[in-house]
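What follows is a set of notes on a single structure, which appears directly below.
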Amino acid sequence: MCRNIKTLYNFDPPANDEEVSAAALQYVRKISGFNKPSQANVEAFEQAVAEVTEVSARLLDRLVTTAPPKDCEVEAAKRKARVGSPLRRLAICSRSASRSCRRCPPGPPLSVVRMT
């Protein structure tokens, strides 16, 4: 239901309103347990997203640091490198599951697969 919420502070270029709003939406989805609220809860859900967006934007505006701003593209490349290739993800998944999971196609045991 909820992707990881990414850090928005101290980036060059700074986070825009859309990114702050998307993070607020993910936060409200996570704590409410709703990906899409029922009609009875839509108003409360949308109000919560608006309030979290406002408070988050205010927080980001007030924070100060002496650290140089991070580059968005460099940080995205680091995230991608941590996740790795599809084969690497498959190996991690296969290692952690005692039986094959729905993401792992049938194939040789991990001990047969060589990872570089």
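For the single chain, residues carry numbers from 1 onward in sequence order.
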Let me see the working for Thr65 and Tyr9 under side chain to side chain contact (heavy atoms under 4.5 Å, CB included), right down to the final yes or no. CA-CA 10 Å; Thr65 185; Tyr9 178 62; 3.2 Å; yes

If you round to the nearest 0.5 Å, how far is NZ of Lys6 from CD of Gln26? 9.5 Å

Distance check, rounded to the nearest 0.5 Å: Lys78 atom NZ versus Glu73 atom CD? 13.5 Å

Is the backbone of Phe34 close enough, under 3.5 Å, to the side chain of Ser32 for a donor and an acceptor to pair up by distance? yes

Linked, directly or transitively: Val28 and Val42 (ILVMFWY side chains, under 4.5 Å): no

Do the non-hydrogen side-chain atoms of Phe45 and Leu25 ever get within less than 4.5 Å of each other? yes

Asn10 to Pro68 - nearest heavy-atom pair and separation: ND2-O, 3.3 Å

Does atom CG of Asp61 have more than 12 heavy-atom neighbours from other groups under 6.0 Å away? yes

Less than 4.5 Å apart, any side-chain heavy atom of Asp12 and any of Asp71? no

Considering only heavy atoms from C-beta outward, does the side chain of Cys72 approach that of Phe11 to under 4.5 Å? yes

To the nearest 0.5 Å, what is the distance between CD (Glu75) and OG1 (Thr7)? 8.5 Å

Ignoring hydrogens, what is the shortest heavy-atom contact between Ala24 and Val52? Give both atom names and the distance. CB-CG1, 3.6 Å

Could you check whether any side-chain heavy atom of Val55 comes within less than 4.5 Å of a side-chain heavy atom of Leu59, counting everything from C-beta outward? no

List the steps, then state whether side chain to side chain donor-acceptor pair (under 3.5 Å) holds for Glu51 with Gln47. CA-CA 6 Å; Glu51 290 175 6; Gln47 182 178 356; 2.9 Å; yes

Can you check whether Glu19 reaches Asn16 side chain to side chain, under 4.5 Å on heavy atoms? yes

